[in-house]
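Keep in mind that what you see is a predicted model, and the values were worked out from it rather than measured.
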Amino acid sequence: MSDEPPPTRSHGRKSIRPSLVPRDLMAPGEALARAWRAQVITLFPEAFPGTLGLSLTGKALQDGLWQLESIPLRKFGEGKHRNVDDTPAGGGAGMVLRADVMGAAIDHARRLQHTAAPLIYLSPRGRPLTQGMARDLATRPGVTLICGRFEGLDQRVIDHHGIAEVSIGDYVLSGGEIAAQVLLDSVVRLLPGVLGNAVSTEEESFSEGLLEHPQYTRPAEWQGRPIPEVLLSGNHGAIAKWRRAQAEALTRDRRPDLWAAHEARKHDTPS
């Protein structure tokens, strides 16, 4: 018997064929040569693709625009019970993911991943996930994500592999699986061909460091509230000016941190 962990499960398709049988995005598949490749090391591989298998990201997954592979951490566990954690050195509550176990999972993942794909650990102490970070990751060949559990991951494996830590917000979750789906959704929608309308990604929130302006559609009046007249005027210059003013006002009111950064960039830009 070999000690090599069983093959991981890949997601993605080279083509779509008519069938009366629903497609299984969890079915094994070969690596797609030009697809953006995401790997997720997790204790709960059944959490994927989750919401990533729905709507535009799900269609892109089926169409082979990107590929998703969940790597079960438990397969690399120690002993009869495949233990993946142990008590914290120095004492304290909870358990910590072992460096040797995670290290083995990472080594396995990296053999299957492009060498230029970043290695990211979802952690509340990491750098905040931003639209700029998502855009950068979309230009890479893929990403390998590590989902934490318990009290976190042994620092030695983070240092040894130079793992980047990324946070989706200033709060604590039970594990990194939801955070991984958030990060992947923010990146996959930026991949060529996923949204089908590149202009929409240029006009949305954070595209220029500002929150997005309000949106309206039919009916022209609802509950006594009409659509702002300027949006119905056909004057594209006036519409653009109104939208810009709204975006600036919302950002200044709701996200003073973003507004301060926006103002600083304006002053730093040569006139």
What are the two closest non-hydrogen atoms of [X] and [Y], and how far apart are they?
X: Gly209; Y: Arg265; result: CA-NH2, 3.4 Å
X: Gly142; Y: Gln113; result: C-NE2, 4.3 Å
X: Ala60; Y: Val194; result: CB-CG2, 3.8 Å

Under the side chain to side chain contact (heavy atoms under 4.5 Å, CB included) rule, what do Val187 and Val143 come out as? Steps first, then yes or no, please.
-> CA-CA 10 Å; Val187 176; Val143 67; over 6 Å; no
Co-membership, hydrophobic cluster, residues [X] and [Y], 4.5 Å side-chain:
X: Trp222; Y: Ile227; result: no
X: Val182; Y: Leu61; result: yes
X: Val172; Y: Leu153; result: no
X: Met133; Y: Leu191; result: yes
X: Ile163; Y: Phe150; result: yes

Are the side chain of [X] and the backbone of [Y] linked by a donor-acceptor contact shorter than 3.5 Å?
X: His81; Y: Asn83; value: no
X: Arg82; Y: Lys75; value: yes
X: Trp66; Y: Leu184; value: no
X: Thr57; Y: Leu52; value: yes
X: Ser70; Y: Val40; value: no
X: Asp63; Y: Leu65; value: no

Measuring from atom [atom1] of [X] to atom [atom2] of [Y], what distance do you get when rounded to the nearest 0.5 angstrom?
X: Leu122; Y: Leu173; atom1: CG; atom2: CG; value: 9.0 Å
X: Arg149; Y: Leu43; atom1: CZ; atom2: CG; value: 7.5 Å
X: Phe48; Y: Cys147; atom1: CZ; atom2: SG; value: 4.5 Å
X: Ile106; Y: Ile41; atom1: CD1; atom2: CD1; value: 5.0 Å
X: Phe76; Y: His108; atom1: CZ; atom2: NE2; value: 4.5 Å
X: Ile239; Y: Leu232; atom1: CD1; atom2: CG; value: 8.0 Å

Are any of the side-chain nitrogens in [X] or [Y] under 4.0 Å away from the carboxylate oxygens of its partner?
X: Glu69; Y: Arg37; value: yes
X: Asp107; Y: Arg111; value: no
X: Glu208; Y: Arg244; value: yes
X: Arg243; Y: Glu212; value: no

Counterpart residues, salt bridge (charged side-chain N to carboxylate O under 4.0 Å, His left out), relative to Glu78 (two or more places apart) = none
Please identify each residue that fulfils salt bridge (charged side-chain N to carboxylate O under 4.0 Å, His left out) with Arg254, with sequence neighbours left out.
-> none
Counting heavy atoms not belonging to Glu229, are there more than 12 under 6.0 Å from its CD?
-> no
Evaluate whether atom CG of Asp159 has more than 12 neighbouring non-hydrogen atoms of other residues, nucleotides or ligands under 6.0 angstrom away.
-> yes
Between the side chains of Arg252 and His262, is a donor N or O closer than 3.5 angstrom to an acceptor N or O?
-> no
Using distance alone, with no hydrogens and no angle criterion, decide if Gln181 and Thr51 have a side-chain donor and acceptor under 3.5 Å apart.
-> yes
Kindly determine whether Gln39 and Leu145 satisfy side chain to side chain contact (heavy atoms under 4.5 Å, CB included), including the steps that lead there.
-> CA-CA 6 Å; Gln39 296 177 312; Leu145 302 179; over 6 Å; no
Are side-chain heavy atoms of [X] and [Y] found at a separation under 4.5 Å?
X: Trp259; Y: Leu210; result: yes
X: Trp242; Y: Pro228; result: yes
X: Gln131; Y: Arg135; result: yes
X: Ser167; Y: Arg127; result: no

With Ile120 as partner, the option from Ile146, Leu129, Val166 fulfilling side-chain contact (heavy atoms from CB on, under 4.5 Å) is Val166
Evaluate side chain to side chain contact (heavy atoms under 4.5 Å, CB included) for Leu231 paired with Tyr216, printing each intermediate quantity in order.
-> CA-CA 9 Å; Leu231 298 180; Tyr216 299 87; 3.4 Å; yes
Identify every side-chain donor-acceptor pair in residues 91-98 under 3.5 Å, counting partners at least two apart or on other chains, and give the distances.
| from | atom 1 | to | atom 2 | distance (Å) |
| --- | --- | --- | --- | --- |
| Arg98 | NE | Asp100 | OD1 | 3.0 |
| Arg98 | NH2 | Asp100 | OD2 | 2.6 |

